[in-house]
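Values below: all heavy atoms of this structure, side chains included; hydrogens, waters and symmetry mates excluded.
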Amino acid sequence: MQILEGLNPEQEKAVKHFKGPLLILAGAGSGKTRVLTHRIAYLIQEYRVNPWNILALTFTNKAAGEMRERVDTIVGEHAGDIWVSTFHSTCVRILRRHIEALGYERSFTIYDSDDQRALMRDILKYLQLDPKKYKERAVLSAISSAKDELISPEQFEMRAQEDYAKKIYARCYREYEKRLHDSNALDFDDLICKTIQLFEENEDILSYYQNRFRFILVDEYQDTNTAQFRLISLMANTADDDGSILHNLCVVGDDDQSIYKFRGANIYNILNFESQYPEANVIKLEENYRSTQNILEVANAVIKNNSVRKEKALWTEKPKGDAIYYTQYLNEYEEAGCIADAIASVVSNGLASYKDFAILYRTNAQSRVFEEKLILQNIPYRIVGAINFYQRREIKDLLAYLRTIENGLDDISVKRIINVPKRGIGLTTIDRITNYAMEHETSFYGALQNYEYIDGISRSAAKLGSFVSLIESFKRHLAAPEYNLEDLLREIIEETGYVRLLKEEDSEDAEGRIENIEELISKVVAYEENCEEEPTLGGFLEEVALVADIDNVEESSDIVLLMTLHSAKGLEFPYVYLTGMEDGIFPSYASIMDDDAEAVEEERRLCYVGITRAMQKLSLSCARCRFRNGEQQFNRPSRFIDEIPRYLMKQCGGMAQAAKNSFPSDKFTVLDSNSVSRTSSTKQNTTNYSSSWNPTANKGAKKGGAMADSTSLFAGNPYISKGFGKNTSQTKSSSTVDYTVGDRVSHVRFGNGTVTEMKDTGGDYQVTVAFDGDINRKMMASFAKLKKL
DNA sequence: CTCAAGAGCCTTTTT
DNA sequence: GGCTCTTGAG
C-alpha cells in the first residue's frame, strides 16, 4: 500500500483511523501535514469516501495551499472536490451563499482592523465618549473577545451588571453591531460567528453542510477559539448509514505550540478534547524529523517548565549536531551587525544559501536594526508581517474605491475616499452629510446622492455631485460586457489622478507607493487569470481581505527571512537566530507583569516554537541594552536562557567578562573560555578568539572545515575584530571616563551640556546629560564619546 | 479647507 | 524613535 509507505507506526495508525473523533497530538516537526494528507488519501482510496465529503481546515492560506498541493499529488483525480481552506475563507464561502437568511446582502464587505478602528472612532465620537478614557483598541478588543466567546451585545450588557465601564463597552458593542449591519459589513470575528448563527437558525442549511462534510480535519487545533470549536462541532455531526450520529472529526495539534491566546485561542479545546468526545481516539506523534538532538533537548528543557500541558517528549534519530550558540551583545546594533556578518560569512564560504536563514524576534519593532545591518552587508532579505501589503495606505485607498463600487453601504470606505485625492471636501461637510444620513436613516453614500437636499453645504455641493457621478460612472462601466477588473482599476487611477499626483510629489516615498499600485494591478490581473470561477469584483475583494503576509512568501527566492515568532510557526530553517532573548522583551514585560501566571507560559510556548524551527543550527542572542520607546533600556538575559542546561550551550562573544560583572547574581553563569572548550568536545577547539571569531579571518579558512563551519556562525565582538585584543573590559572601563556629575561636557551631535547623573552598569557608565537647550539624554559612556570641557 | 508643527501614544503577538 | 492625531495659523 503506497499511501502507508515511509510512515512510522503511530503515523500509520492515524492515517488508518476511519470513523469517530480522533485527536492527534503532533509535536513540532513530527510530520503532521504528512499524516493529514495521507489520511485524506487513505479515506478516499481505502474507505471509498467521496472526496466531495471531505473538509480540511487550516489557519493560514499558506498552510491550506501546501496541503492542497500535497493532496493533489497523492490523490490525483477528483482532488479538486476536497474542500481545503482556512476557517475564514470557508465561512465566507458559506456566507456568500446563504447570508441573505441573516438579513445581509451577498455583496457584504469584510472589515479589517483598520476599518474596525475607523468605525469605532466614529462610534466613540457619536456616543460622545471621552477618547482619553475609552480607546478604540481597548473597546474593539473587548468586543472581539466577546465575539470569540459567542457573547452577544445583549448578553454582554447583562454581564456588565453595575460595572459602569462595562456598560459603556456594551453600548459601543451594540452600536458597532448595528453599524456593521447597516454597512453590510462583517469583521473577521463575524465571519465565524455569523456562520454559526446561520447554522443555528436554519436547520436545513446546517444539515446540508453536515451531510456534505462527512469527514472534517482540523490543522493547528490548539489555536481554535470557542467560536471555531462551536462551528466545527456543529458541522461534525454526521448521521451514519445506520442512523447513529458520528463525529468524524480529526484534529491535529500541539498544546505546546498554542500561542494565540490573545486572539481568543482556547488551549482547553485541545486539552479537553477527550472529555468533550469521550469516544475519541488519541494518538501521539513524538518522533521529530526536523531538528538535531541538541536542538530538541533544548526545546524539551524549556517547555517542561510549563505546568499546563500534556506530557510528551520529542525525540529524534538524528545525530546530536552542533551545540546551541548563545551570545550576549552590548546592544541591539551589535547583535544585528554580528548576525549579518555571520550570515554573510557562512554564505560566502558556500556552506549555506540565504534562504537557509531565519532571524526571529518577539515584536515587529525589532526588525528595523536587522534590516539596516543586512543592507549594509548586501544580504537579500524580506521582512514578513509588519505591514501587510493590503494595509498600505495607497492600496487601501484604491481598495476603498473598489469597495464603494461593490457595496455602497460601506460607509467607512466611502468616507475614506471622499476627499482622497483632495477634492476640497472638508470635515464640516462630512459631518453634515453624516448627520443627514442619520436623520434619514440612510447610508453615507445614500445621503451623498441627495446632496442637493442637505442644508449648509452649498459651497461643496458641486464637488459632492462630481464625486457621486464619478462613482456612478465606474459602476456603469463595470456592468458593461468585456469590461474587466483591470480596466476598472486603471480607470479609477486615471480618473482620480491618484498616480499622477504621486508623480508630481516626486519623492522616494511616492515612488514606492506607485510601485505598490503597479503591484496591485498585477494582483488584479493574476486574480482574473487564475480564478477558478467567474472573476468578480466581490471575489477579488474577498481574496484580498483574507490574506496574511506570510501567505506571499515564496520558497524559491534565495533570501533571508525576518519575522516574528508568531509568523514563524509551521516553518523550518536550517539556521535559526532567536534574537532579543531578554526579560522584558521575551518574555514580554506585559506577560511578566500579568496577574495570570499562565501569561509567561504562553511566552514559553512561543520560545518552544522558535527553538523547534531550527533544523541544524540554533543561535540565541540578547543585548545588554537597547533602545525602546526612545529611551535606553537595560535587560537581563531571558529567564528562558536560564532554563537551558549549560552543557548544551556554547557561550560566544567577548562579552563574557562584562556579562559576568553586570549580572553577578544571575542563576546563569557565563562560561569562561576553558569550560567552552571542555563542553564542546564534539567540535574542534574554538577558544582562539582573536583569529577564528573574526569573519574576515574565516574567509581564508578551508571550505567546509569544522572551524569555519561552527565558529563563523558568530562573528563575535567588534572590539576583538578591530584588533583591541582580549581585554574587552579595558576599552570601556571607568578609567577612560574623565568627567563626573556636574562637569561640562560636549557631544558631537547634541553640543554642550552638564552631566547630571552617572550610573555604574558594570563595565560601563550610563551618563545622563542635560544639554543646553533643554534636552535631557541618557547614554552609554562608551558610545557617547563625551569630551570634558 | 489645507498644511505644518507639536503632542501623545505606542509595542506583544494576527486571521 | 516613529506614527498618528490634534491644534492653530493662513
Side-chain angles (χ1 to χ4, degrees), chain A residues 57-64 85-92 110-114 116-118 121 125 131-132 135-138 140-141 144 147-148 186-192 220 223-225 227-228 258-265 332 360-369 372 384-388 390-391 393 419 421-431 457 459-460 463 542 544-551 563-569 580 584-594 599-600 602-603 605-607 609-610 626-633 777:
Chain A
L57 291 170
T58 64
F59 275 89
T60 63
N61 294 298
K62 190 177 193 311
S85 82
T86 65
F87 271 96
H88 291 89
S89 316
T90 300
C91 288
V92 171
I110 300 167
Y111 274 7
D112 70 12
S113 44
D114 283 346
Q116 289 178 286
R117 283 181 63 182
R121 212 175 303 142
K125 201 167 132 196
K132 287 206 166 45
K135 305 244 174 290
E136 294 126 52
R137 290 167 41 106
L140 282 170
S141 105
S144 176
K147 287 187 178 185
D148 288 344
L186 302 184
D187 65 20
F188 282 128
D189 300 314
D190 281 342
L191 296 178
I192 313 287
E220 307 280 15
D223 291 333
T224 52
N225 61 32
Q228 285 156 338
S258 164
I259 55 173
Y260 283 108
K261 191 175 179 196
F262 72 93
R263 203 165 74 187
E332 73 268 41
L360 308 181
Y361 37 77
R362 179 67 238 272
T363 65
N364 279 310
Q366 286 164 258
S367 66
R368 277 194 52 248
V369 189
E372 195 179 296
V384 179
I387 332 136
N388 184 328
Y390 295 105
Q391 319 241 59
R393 200 206 317 167
N419 198 30
K422 299 222 157 41
R423 299 188 173 87
I425 300 171
L427 225 84
T428 343
T429 310
I430 291 173
D431 279 346
I457 53 156
R459 259 182 298 162
S460 327
K463 296 161 187 163
E542 171 186 322
V544 152
L546 297 175
V547 296
D549 203 35
I550 190 77
D551 297 334
M563 67 187 105
T564 63
L565 288 151
H566 283 88
S567 300
K569 194 167 64 139
I585 302 284
F586 186 32
S588 72
Y589 185 71
S591 71
I592 297 171
M593 287 302 145
D594 202 307
V600 172
E602 172 123 338
E603 299 277 311
R605 289 193 290 270
L606 199 49
C607 184
V609 167
R626 69 172 65 229
F627 266 104
R628 259 191 113 203
N629 298 343
E631 68 173 30
Q632 209 150 21
Q633 202 179 64
R777 270 205 120 74

How many Å lie between [atom1] on [X] and [atom2] on [N], as a whole number?
X: A/Arg393; N: C/dC5; atom1: CZ; atom2: P; result: 11 Å
X: A/Arg117; N: C/dT4; atom1: CZ; atom2: P; result: 9 Å
X: A/Leu140; N: B/dT15; atom1: CG; atom2: P; result: 17 Å
X: A/Tyr589; N: B/dC10; atom1: OH; atom2: C1'; result: 15 Å
X: A/Arg423; N: B/dT2; atom1: CZ; atom2: P; result: 11 Å
X: A/Ile259; N: B/dT13; atom1: CD1; atom2: P; result: 13 Å
X: A/Lys463; N: B/dT2; atom1: NZ; atom2: C1'; result: 11 Å
X: A/Lys135; N: C/dT4; atom1: NZ; atom2: C1'; result: 13 Å

Is [X] close enough to [N] that one of its side-chain N or O atoms is under 4.0 Å from OP1 or OP2 there?
X: A/Thr429; N: B/dC1; value: yes
X: A/Arg368; N: C/dG2; value: yes
X: A/Arg121; N: C/dC5; value: yes
X: A/Ser567; N: B/dT13; value: no
X: A/Asn419; N: B/dT2; value: yes

Keeping the roles fixed (side chain from [X], backbone from [Y]), state whether a donor-acceptor pair exists under 3.5 Å.
X: A/Glu220; Y: A/Phe59; result: no
X: A/Asp190; Y: A/Asp187; result: yes
X: A/Gln228; Y: A/Ile192; result: no
X: A/Arg605; Y: A/Ser258; result: yes

Item checked: All ring-ring contact (aromatic ring centres under 6.0 Å, His included) counterparts of A/Tyr361, not counting sequence neighbours -> none
Students often get this wrong, so: under 4.0 angstrom with heavy atoms, is [X] touching a base, only sugar-phosphate, or nothing?
X: A/Asn364; result: sugar-phosphate
X: A/Leu191; result: nothing
X: A/Ser113; result: nothing
X: A/Lys422; result: sugar-phosphate
X: A/Glu602; result: nothing
X: A/Arg137; result: sugar-phosphate
X: A/Phe59; result: sugar-phosphate

Checklist line | Donor-acceptor pair (no angle test) under 3.5 Å: A/Arg362 side chain, B/dT12 base | finding: yes
Item checked: Gap in Å between the two C1' atoms, one belonging to B/dT11 and one to C/dT6, rounded -> 22 Å
Checklist line | Nearest-nucleotide comparison on DNA chain B, the residue closer to the 5′ end among A/His88 and A/Glu603 | finding: A/Glu603
Next item on the list: Give a yes or no on whether A/Phe262 atom CZ has more than 12 heavy-atom contacts from other residues, nucleotides or ligands under 6.0 Å away.
Entry: yes
